[in-house]
There are 2 protein chains.
Amino acid sequence: MRARSVGGVKTKQRPFYRQADDYDPLMPYDPSAFPPFAVTVDLVVLTVRQHALCALVVRRGEQPHQGRWALPGGFVRGDEDLSAAAARELTEETGLLAHDPTHPAPPNAAHLEQLATYGDPKRDPRMRVVSVAHLALAPDLPAPRAGGDAHSARWAPVESLLKQEDAFGRETGHGEPLAFDHARILADGVERARSKIEYSSLATAFCPREFTVGELRRVYEAVWGVALDPRNFHRKVTGTPGFLVPTGGTTTRQGGRPAQLFRAGGATLLNPPMLRPEV
Amino acid sequence: MRARSVGGVKTKQRPFYRQADDYDPLMPYDPSAFPPFAVTVDLVVLTVRQHALCALVVRRGEQPHQGRWALPGGFVRGDEDLSAAAARELTEETGLLAHDPTHPAPPNAAHLEQLATYGDPKRDPRMRVVSVAHLALAPDLPAPRAGGDAHSARWAPVESLLKQEDAFGRETGHGEPLAFDHARILADGVERARSKIEYSSLATAFCPREFTVGELRRVYEAVWGVALDPRNFHRKVTGTPGFLVPTGGTTTRQGGRPAQLFRAGGATLLNPPMLRPEV
DNA sequence: TCAAAAGTGTTCACTCTACACCCATGC
DNA sequence: GCATGGGTGTAGAGTGAACACTTTTGA
């Protein structure tokens, strides 16, 4: 069902179509059978700051949607895998490294995974763009640094970024809706994060390398927007094999009685899962 | 917040690059900044036949991988959304209609959802192709019909399609590995289906419109590859609100005592979930 | 001494599992 | 009758929610 063999026609070099001109004439195809697309990656980078789930947004410096906030992203290069493009954008925007889960996490590591692909023909008025969105989960960071373009960037609570979709009353100074279909992409990423911390150990990706049970609980509370019982939460996470490994140290940075410090354990799937309270 | 009207300048038609020539000069961009990609959809179409989870594969009629089995798929058209392209391919290959879950299912309906996107620069030797894979779940069908091209198509047990990845001993006559990276895509689709029937009512997508509890149980057993206790299964599915609605009819098509017939209920998320036995 | 956060013990309700048992059909 | 699959009852183990209670620090 792919390219139909109609005999390849090698045309003159055209800078816009390098890859297709590169093809092997022994494997014929008909270039008019597939319209060219631009392929981008967009990033939903989430973190927890001050008890709120926040996303990284950048100010667009050019048309279309100039001046609007948008998700960070960029074009996939001609010889680059999708995951490599997403990792490159992530590092450019945040300085974080994508974390290969088969290796121990480096200090500045973030979780990165593919989210979904958005290809509405009208999503970019310039041309046909297919965007492969990725989801990144990062610990609380210092102020975001600007990317390659001289645009500004900030962490914004997802609640305020998504609120505009339903109500038009601007409650804050940053009440403008996101550019393109980025509100939809952000909503999908947030929903993925909310459901994934339920049955995987990904919530630790929001924590610094060493953290307490209380800090992990505040991550769950911020992402789900609920209050959890500290006593039962403690028993549950410490009783789930492979979730947490004690480092031996303690801290009183949250006040009160000293709390044990933990690192993320090797387990990726939680059994039993953490249960999100009913709504 | 979508396309803004700025008044476009239509240039002369160029068949290889129509979309990009369509762009609006008031929204400047640098075409050399994004290499063109071909975008395809590939389909993982699963069904349950004779107690086995099966996938639809088609014989490739052309290079590369000529003569190998592959997942059905094709190019996304220039003005077509990704989900529309997937639905079109599904209908071409199987005659099934993609099912919009907000409406009651038509007779020949299948579940269709986006799976993941595969964009390794080397995945297609001809050129840079990004494939947006979709997952479809269908009831047991009559023999598959050939698509637009005169290729052959068949249902193959996923176990035999995936076995070649690990062992090279060809156990059956159809032991050749799938074309391109389709074994990987199929494996991802199967894993998605296996985990999704756990917490959603999607298993009913494998059943005909009216079905018995025993037939639904055999779907779970085939997809998970386990045996389930018929008594507890019955209690569980009939006790989950919104999962099944009785039609009032009965059947003895499986032999034994007449069994009640059910239709899929409106619920999409199962609470409590079906629990896959430990491995 | 008091507030604050960490951590433990206990109780009750609910769910899962295993399996004994009964039901309604075709042959 | 008897095999076959459909369906219900029930006891024991395990899990989650709620909350009383103890521990250990800083101010």
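Labels below follow one simple rule: chain letters A, B, ... track the order of the sequence lines, proteins then strands, and each chain is numbered from 1.
Between the base of C/dG9 and the side chain of A/R235 there is a donor-acceptor pair shorter than 3.5 Å. If you check distances only, the side chain of B/R257 never reaches the base of C/dA24 with a donor-acceptor pair under 3.5 Å.
One can place CG of A/L228 at 11 Å from P of D/dA18, the figure rounded to the nearest angstrom. For A/E221 and C/dA5, the CD to P distance is 12 Å, given to the nearest whole Å. Distance CZ (B/F233) to P (D/dT8): 14 Å, rounded to an integer number of Å. When rounded to the nearest whole Å, the span between NZ of B/K236 and P of C/dC14 equals 16 Å. The distance from atom CZ of B/R253 to atom C1' of C/dG26 is 17 Å, rounded to the nearest whole Å. The CZ atom of B/R231 sits 17 Å away from the P atom of C/dC16 (whole-angstrom rounding). In this structure, CG of B/L275 is placed 16 Å from P of D/dG14, rounded to the nearest angstrom. Between A/M274 atom CE and D/dA17 atom P there is a gap of 9 Å when expressed in whole angstrom units.
Between the side chains of B/Y118 and B/D188, at least one donor N or O lies within less than 3.5 Å of an accepting N or O.
In this structure, of D/dG7, C/dA18, C/dC16, it is C/dA18 that holds the atom nearest to the side chain of B/D229. Distances from the side chain of A/P258 to the nucleotides D/dT24, D/dG16, D/dC19 place D/dT24 closest. When distances run from any side-chain atom of A/T252 to the nucleotides D/dT25, C/dA6, C/dA18, the shortest one goes to D/dT25. Here C/dG7 is the nucleotide among C/dG7, C/dC16, D/dG16 with the atom lying nearest to any side-chain atom of A/V213. Closest to the B/Q254 side chain, of the nucleotides C/dA6, D/dG5, D/dC21, is D/dG5. Candidate nucleotides C/dT8, D/dG6, C/dC21 were compared by shortest atom distance to the side chain of B/R218, and D/dG6 ranks first.
Of the residues near DNA chain C, B/G255 and A/N232, the one whose nearest nucleotide (by heavy atom distance) lies more toward the 5' end is A/N232.
Evaluated for a side-chain hydrogen bond (donor to acceptor under 3.5 Å, both in side chains) with B/N232, the options B/K236, B/R235, B/H234 yield exactly one hit, B/R235. Between A/L135 and the choices A/Q114, A/R192, A/K196, A/H111, the side-chain contact (heavy atoms from CB on, under 4.5 Å) rule is met once, by A/R192.
Taking 4.0 angstrom as the limit, B/H234 places none of its side-chain polar atoms (N or O) nearer than this to OP1 or OP2 of D/dG6. Contact annotation: B/Q260 side-chain N/O to D/dG7 OP1/OP2 distance is under 4.0 Å. At C/dA6, one or more side-chain N or O atoms of A/R217 fall inside 4.0 Å of OP1 or OP2 (strictly under the cut-off).
Considering all non-hydrogen atoms of both residues, B/V132 and B/H134 come closest at O-ND1, 3.1 Å.
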* **Stepwise side-chain contact (heavy atoms from CB on, under 4.5 Å) check, B/L56 with B/W155** => CA-CA 5 Å; B/L56 181 64; B/W155 294 105; 3.6 Å; yes
